[in-house]
Structures are given as structure tokens and as C-alpha cells.
Amino acid sequence: SQVLFAQESNNTYSTWDTIELDTVASAWLIKRFIDSKVTFKFYPKGEFITEGIAFDTPDAEFRRMQNQSTFETILNKYKISDPALLEIEKIIYDIEINYWDKKRIDKSEKVEREVQEIIDSITDKNVCLEKSFIYFDNLYRELKE
């Protein structure tokens, strides 16, 4: 994948250490399409984030809202319209926002199960991100075809 909005600086993005699907998908989106040199920092849940750009926490610019995933807020901010990324956004929406209604995307349940297995099986947050990034790289490639 290609970084669309490469930043000059090596940014830090920070979030809480309670990793969820929207967190890893958003981190992947940032790393692959916003800032390839990004580093991620984790804070205990509820702790005020003092370093970097906060994401997927209640006060962050990039956060889950009533009808938007964190992933979608990032796509909107950077005006990203890549069809494969928009398809991933629909899957994330299904999992994170649309959990009471019928899933719109056939892949949603499979993606949710497989990403949750990664999250549940790895305690090191950075390793968890790395494994999740591989998963989303493959999903992205599959959706591009």
C-alpha cells in the first residue's frame, strides 16, 4: 500500500491500552496511508494522553462517535476515497456501530472473529498491531482485486 499523506515528521499517535478492532484498523490506516514513520504509544484506559496525537479515545479528534467509527473519522479528515478502504470502513461500521442490526457486509463477522483472535492472543500491544497490520494488508489487497 502507498502512503497518501506522508508527513515530514515522525509522529506519535497515542491511545488507550484496551485494544479493539477499530483501534487496530485505525492504527493500520494511519501507518499505511497517513504516516509511514508513525510510532504508537499506549496509555492505561482512562488516563489523560499527554503525548502525540490521540486516537480512539473519547476526547480525541479521531474517535468513535454515535454513527461513525474512528476509522471513518480518519478517512473523512484526510478525504480518502480509495474504494477498498471505503469497503473496510463499511466492515468496521458493521462491527463497531451497527451491532444491533443485520450486517451489511458478508465479511463483517469473519473479519471481527479473525481480528479478535489476534487481539486476544497477543499481550504485547505493538506486536498485536504488527500482526493486525498484516491482516489488514491482506484484506486490503483482497478488496483491491
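Because the structure is predicted, anything quoted here is derived from the model rather than measured.
Residues Tyr43 and Asp17 are not in side-chain contact: their nearest non-hydrogen atoms beyond the backbone lie 4.5 Å or more apart. For the pair Asp56 and Phe62, the minimum side-chain heavy-atom distance is 4.5 Å or more. A heavy-atom distance below 4.5 Å is found between the side chains of Asp82 and Lys144. Using a 4.5 Å heavy-atom threshold, the side chains of Leu29 and Phe136 count as separate. Taking 4.5 Å as the limit, some side-chain heavy atom of Phe42 sits within range of a side-chain heavy atom of Ile19. No side-chain heavy atom of Ile53 sits less than 4.5 Å from a side-chain heavy atom of Val38.
Figure legend: cation-pi geometry between Lys131 and Tyr135 absent, as NZ or CZ is not positioned both under 6.0 Å from the six-membered ring centre and within 45° of its axis.
In the hydrophobic clustering of ILVMFWY residues, with side-chain heavy atoms under 4.5 Å counting as a link, Ile95 and Tyr140 come out together. Hydrophobic clustering (side-chain heavy atoms under 4.5 Å, transitive across Ile, Leu, Val, Met, Phe, Trp, Tyr) keeps Ile134 apart from Ile119. By the rule that hydrophobic residues join a cluster once side-chain heavy atoms approach within less than 4.5 Å of another member, Ile74 and Leu85 end up as members of one cluster. Note on Leu139 and Ile30: same hydrophobic cluster, where clusters join Ile, Leu, Val, Met, Phe, Trp and Tyr whose side-chain heavy atoms are under 4.5 Å apart, directly or indirectly. Met65 and Tyr93 are not part of a single hydrophobic cluster, where members link through side-chain heavy atoms under 4.5 Å apart.
Once rounded to the nearest 0.5 Å, the distance linking CG of Asn98 with NZ of Lys90 reads 13.0 Å. Here CD1 of Ile92 is found 10.5 Å from CD of Glu112. Values are rounded to the nearest 0.5 Å. Note that CZ of Arg63 and OG1 of Thr73 are 8.0 Å apart. Values are rounded to the nearest 0.5 Å. For the atom pair CD1 of Ile91 and NZ of Lys107, the computed distance is 6.5 Å after rounding to the nearest 0.5 Å. Atom CD1 of Ile122 sits about 6.5 Å away from atom OG of Ser132, to the nearest 0.5 Å.
Residues Asp22 and Thr70 have side chains that bring a donor and an acceptor to within less than 3.5 angstrom of each other. Using modelled atom types, one finds no donor on one side chain facing an acceptor on the other under 3.5 Å when comparing Thr15 with Thr57.
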Yes or no on side chain to side chain contact (heavy atoms under 4.5 Å, CB included) for Leu129 and Lys125, after CA distance, side-chain angles and deciding distance?
CA-CA 6 Å; Leu129 288 185; Lys125 304 303 179 202; 5.8 Å; no
Glu96 and Glu72: side chain to side chain contact (heavy atoms under 4.5 Å, CB included), yes or no, with the steps?
CA-CA 11 Å; Glu96 295 290 324; Glu72 187 176 0; over 6 Å; no
Just do the side chain to side chain contact (heavy atoms under 4.5 Å, CB included) check on Ser14 and Ile49 with the steps written out, would you?
CA-CA 7 Å; Ser14 299; Ile49 291 178; 3.5 Å; yes
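Classification of the Trp28-Phe33 ring pair by plane angle, with boundaries at 30° and 60°, yields perpendicular.
A salt bridge does not link Glu20 to Arg64: none of the charged nitrogens lies less than 4.0 Å from a carboxylate oxygen. With respect to the salt-bridge test (charged N to carboxylate O, under 4.0 angstrom), the residues Asp137 and Arg32 qualify.
More than 12 non-hydrogen atoms from other residues, nucleotides or ligands lie less than 6.0 angstrom from CG of Asp120.
Between the side chain of Asp35 and the backbone N or O of Asn11, at least one donor-acceptor pair lies under 3.5 Å. The backbone N or O of Thr23 lies less than 3.5 Å from no partner atom in the side chain of Ser26, so there is not a single donor-acceptor pair.
For Ala27 against Phe40, the heavy-atom pair with the smallest separation is O-CZ, 3.4 Å.
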